[in-house]
Amino acid sequence: MLPHYFNHLFVTGTDIYIADVLIILTSLGIVGVLTYFKKWKWLWREWLTTVDHKKIGIMYIIAATAMFFRGGMDGLMMRTQLAVPNNHFLGAEHYDQVFTTHGTIMILFMAMPYLIGLINVAMPLQIGARDVAFPYLNAISFWTFFFGAMLFNLSFVIGGSPDAGWTSYAPLAGPTFDPGPGENYYLFGLNLAGIGTLASGINFLVTIIKMRAPGMKLMDMPMFTWSTLITSILIIFAFPVLTVALSLLTFDRLFGSHIFSMTHGGMPMMWVNLFWIWGHPEVYIVILPAFGILSEVISTFSGKKLFGYSAMVGSMVAIAFLSFTVWVHHFFTMGAGPAVNSFFGVSTMLIAIPTGVKVFNWIFTMYRGKIRFTTAMLWALAFIPTFVVGGMTGVMLAVAPADYQYHNSYFLIAHFHYTLIGGTVFGVFAGLYYWWPKMFGFKLNERLGRWNFWTFIISFNVTFLPMFLLGLMGMTRRMYTYPPGLGWSHLNMIETVGAFGQAIGMMFLAVNIVWSIKYGERDVTGDAWDGRALEWSTTSPAPEYNFAHVPVVYGRDAFWDMKYGKNREKYQVKAKPYRPIHMPNNSGRPFLMSLAFFISFWGFVFKWYLVGGLGLAAVFVFMYLRSFEYDTDHYISVEEIEHTEAAAGRL
């Protein structure tokens, strides 16, 4: 017998019908363009089967951008609903679904892939490597993330979206209070994407430890690579906890266990603990790479080496360690007692110290520097005061007695948006403008970039600054409507205007990309910004093999040293003859295996165990075939290397 919600397989509603039409038209348009220009083989050969870390990074960024727009639409719907009192734009159930998907998408399907994409693009180049340690696994990482995101987003039109919040607290997310398939989409979509994230963490860690250029010591690495190393360690320790938590809740929902059901001897608070044991390191997983990006951008556009390099490394290590000691501050109000609350309150305050070290180091890096106010630098400069506001309000929330007032209020919403947008997203934008010429061979337009920056930064503060006041005035989060006469109406309308202003800012970015594809300044030198690290020592975009000769490093800021430093004579050695370069073959199996995972998990979402079992069987078949695959690599000939280098003007 089919589950009772099979009768409601397709979601209904005017907005859903509009979305259905747009999805169908967009899909037909993509198919039509690929068919008309005969690009199907090109798409399969160059992208769907690639194991090149640079192309995989670009696909991560494209997917994250799409998720940014999807999550942004959810945010606009929420702000429209709350613009005026007693609004009926969204119903209570629909609003629950919208804020659940907004939070989940923005943190796990936007912020994470943006950063992993930039890591894929830049980190191997920064350490002088020709690829990541496990290129095949890197492709699996992307495609499992991608199909996990697609599975989660499919809920919008088929079956219904999850509605228990992005934290999915038990027992609200259990089968009794949430019987539909929406929460199953959450569990299986996050677990599938989590496979890719955990694999990426392992891959990046091994790459940095084992594949650095000759002479590059750990304390010679660029700060973005250091942030990647520490983030990878956090991923390896944190994400298995999320996998366990999601799996346990899946057992409750699909197989009738009662792990989180108090009426049958379970413990709902166990979910909260497991979620935040992962969740608080997660917020540092999405901010530490942004710290690394800021360090690269500020150093480059100040024309100076990074101030306090060793202190920056030490502060990131301290943040990583402390990130596992603060999770209970998310539920000070649960009644654990003053001793527990005091310990976790103090540990939360302590984490502000290494964060403050980084802020002062960035400021001293700029001191007496020849600052170039590029768009990337503007985003970096905006990051500092915005993140400081988020951090200081975080310290306020760390005071347990005060948190009893702030908890679940709009003050908290303002705090984490100032850290996650003002920190992660601003850092991502700085990285996009900075490494865009390295990815695509041309710069984004600086004039349009400034329109993008100023529109977004002003609108961001118009949106979220009033939320601090609303929180102090008593407005709680997850509230889908409110009566007039509470003094909230004007501030909510201001926030809604700011939200649409942010959307306009994103439109400037989209216009900038389209305009720059045709008219943008081409980077013919490979060194678009007079950079300091090794990624700027090769062409833009970099060839498949990254470096014709693996560079030898004699200290920090290797490329700057190569151009202007005391060791530049050491770099000016007689050119060695080229040798064939060993590289991995492309493979379609990561894409197909991840598609099989998608089909399997979609079957389990609806308790169609036959579909789920067949999908898993296909996954194991692909694993078996990979185990006996021996033709996995090839050599790039000397003639091809010479041709590529000559075309880049390097012979």
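As the structure is a computational prediction, the values presented were derived from the model and not from experiment.
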Check the pair Lys570 / Val552 against side chain to side chain contact (heavy atoms under 4.5 Å, CB included), numbers first and verdict last.
CA-CA 9 Å; Lys570 295 181 181 179; Val552 178; over 6 Å; no
Hey, mind stepping through Thr525 and Asp523 against side-chain hydrogen bond (donor to acceptor under 3.5 Å, both in side chains) and telling me if it holds?
CA-CA 6 Å; Thr525 65; Asp523 176 19; 3.3 Å; yes
Would you say the side-chain atoms of Asn445 pair up with the backbone N or O of Leu448, donor to acceptor, closer than 3.5 Å?
yes
Check: Trp47 main-chain N/O paired with Trp42 side-chain donor or acceptor under 3.5 Å
no
Shortest non-hydrogen separation from Thr49 to Trp44 and the atoms involved:
OG1-O, 2.7 Å
Could you tell me the separation between the CD1 atom of Ile581 and the CD atom of Glu640, rounded to the nearest 0.5 Å?
9.0 Å
Would the distance check show the side chain of His582 and the main-chain N or O of His634 forming a donor-acceptor pair, the cut-off being under 3.5 Å?
no
Under 3.5 Å: donor-acceptor pair, side chain of Lys443, backbone of Ser516
no
Please find out if less than 6.0 Å separates the ring center of Phe559 from that of Trp536.
no
Taking it one step at a time, do Leu205 and Ile236 satisfy side chain to side chain contact (heavy atoms under 4.5 Å, CB included)?
CA-CA 9 Å; Leu205 177 65; Ile236 291 168; 3.6 Å; yes
Do you know the tightest heavy-atom contact between Trp278 and Ala238?
CD1-O, 3.5 Å
Derivation and outcome, side chain to side chain contact (heavy atoms under 4.5 Å, CB included), residues Ile293 and Leu115:
CA-CA 10 Å; Ile293 294 169; Leu115 294 167; 4.2 Å; yes
Give the ring-plane orientation class for Phe147 versus Phe598, where under 30° counts as parallel, over 60° as perpendicular and anything between as tilted.
tilted
Taking only residues two or more places apart in sequence or in another chain, which ones pass salt bridge (charged side-chain N to carboxylate O under 4.0 Å, His left out) with Lys39?
none
Start with the C-alpha gap between Asp561 and Asn567, add the side-chain angles, then the distance that decides, and say whether side-chain hydrogen bond (donor to acceptor under 3.5 Å, both in side chains) holds.
CA-CA 6 Å; Asp561 196 19; Asn567 293 313; 2.9 Å; yes
Which pairs pass salt bridge (charged side-chain N to carboxylate O under 4.0 Å, His left out) with one or both residues in residues 613-627, sequence neighbours excluded?
Arg626-Glu629
According to side-chain hydrogen bond (donor to acceptor under 3.5 Å, both in side chains), who are the partners of Lys55, at least two apart in sequence or on a separate chain?
Glu46
Run the side-chain donor-acceptor check on residues 120-129: report pairs under 3.5 Å with partners two or more places apart or on a different chain.
unit_1: Asn120; atom_1: OD1; unit_2: Asn138; atom_2: ND2; d: 2.8
unit_1: Asn120; atom_1: ND2; unit_2: Ile116; atom_2: O; d: 3.2
unit_1: Gln126; atom_1: OE1; unit_2: Thr225; atom_2: OG1; d: 2.8
unit_1: Gln126; atom_1: NE2; unit_2: Glu535; atom_2: OE2; d: 3.3

Looking only at atom types and distance, does a side-chain atom of Ser323 sit under 3.5 Å from a main-chain N or O of Ala320, one as donor and one as acceptor?
yes
Below 30° counts as parallel, above 60° as perpendicular, anything between as tilted: where do the rings of Trp436 and Phe442 land?
perpendicular
Heavy atoms only: give me the nearest Pro437-Trp529 pair and the separation to one decimal.
CG-NE1, 3.8 Å
Is it true that atom OH of Tyr635 has more than 12 heavy atoms of other residues, nucleotides or ligands lying nearer than 6.0 Å?
no
Are the side chain of Thr538 and the backbone of Leu534 linked by a donor-acceptor contact shorter than 3.5 Å?
no
Under 3.5 Å, is there a donor-acceptor pair between the side chain of Arg212 and the main chain of Lys210?
no
Residue Met150 excluded, over 12 heavy atoms near CE under 6.0 Å
yes
Would you please indicate if the ring centroids of Trp602 and Phe606 are separated by under 6.0 Å?
yes
Taking side-chain contact (heavy atoms from CB on, under 4.5 Å) as the test, write out the residues that go with Ala376, two or more places apart.
Val297, Phe301, Thr374, Tyr433, Tyr434
Decide if atom CZ of Arg579 counts as having more than 12 heavy atoms of other residues, nucleotides or ligands within a radius under 6.0 Å.
no
Ignoring hydrogens, what is the shortest heavy-atom contact between Ser537 and Phe547? Give both atom names and the distance.
OG-CE2, 3.5 Å
Salt bridge (charged side-chain N to carboxylate O under 4.0 Å, His left out) against Arg45, all qualifying residues, sequence neighbours excluded
none
Any donor-acceptor pair under 3.5 Å linking the side chain of Thr207 with the backbone of Ala133?
yes
Tell me every residue that passes salt bridge (charged side-chain N to carboxylate O under 4.0 Å, His left out) with Asp74, counting only those two or more places apart in sequence or in another chain.
Arg70
Please test Thr144 against Met593 for side chain to side chain contact (heavy atoms under 4.5 Å, CB included), starting from the C-alpha separation and ending with a verdict.
CA-CA 9 Å; Thr144 51; Met593 185 171 71; over 6 Å; no
For a side-chain hydrogen bond (donor to acceptor under 3.5 Å, both in side chains) check, start with the C-alpha distance between Tyr114 and Thr65, then their side-chain angles and the critical distance, and finish with the verdict.
CA-CA 8 Å; Tyr114 256 137; Thr65 302; 2.7 Å; yes
Shortest non-hydrogen contact from Leu274 toward Ala245
CB-CB, 3.9 Å
Can you tell me if Ser155 uses its side chain to pair, donor with acceptor, with the backbone of Leu151 under 3.5 Å?
no
With Phe597, which residues qualify under ring-ring contact (aromatic ring centres under 6.0 Å, His included), at least two apart?
Phe601
Please collect all side chain to side chain donor-acceptor pair (under 3.5 Å) contacts where either partner lies in residues 102-111, sequence neighbours excluded, each pair once.
none
Minimum heavy-atom separation for Asn546 and Asp131, please, with both atom names.
ND2-N, 4.0 Å
When the aromatic ring centroids of Trp435 and Phe224 are compared, is their separation below 6.0 Å?
yes
Considering the options Val283, Leu420, Ile285, which one meets the side-chain contact (heavy atoms from CB on, under 4.5 Å) requirement together with Ile107?
Leu420
Residues two or more places apart in sequence or in another chain: which of them pass side-chain contact (heavy atoms from CB on, under 4.5 Å) with Ala548?
Tyr545, Tyr578, Ile641, Glu645
Is Ser141 close to Thr197 at the side-chain level, that is, under 4.5 Å between some pair of heavy atoms?
no
Would you mind listing every ring-ring contact (aromatic ring centres under 6.0 Å, His included) that reaches into residues 613-633, with sequence neighbours excluded?
Tyr624-Phe628
Look only at the side chain of Asp220 and the backbone of Lys217, and say whether a donor-acceptor pair between them is shorter than 3.5 Å.
yes
Tell me, yes or no, whether the heavy-atom count around Phe440 atom CZ, taken from other residues, nucleotides or ligands under 6.0 Å, exceeds 12.
yes
Applying salt bridge (charged side-chain N to carboxylate O under 4.0 Å, His left out), can you list everything that pairs with Arg556, at least two apart in sequence or on another chain?
none
Pick out which of Lys438, Lys563, Arg532 makes a salt bridge (Lys or Arg N to Asp or Glu O under 4.0 Å) with Asp527.
Lys563
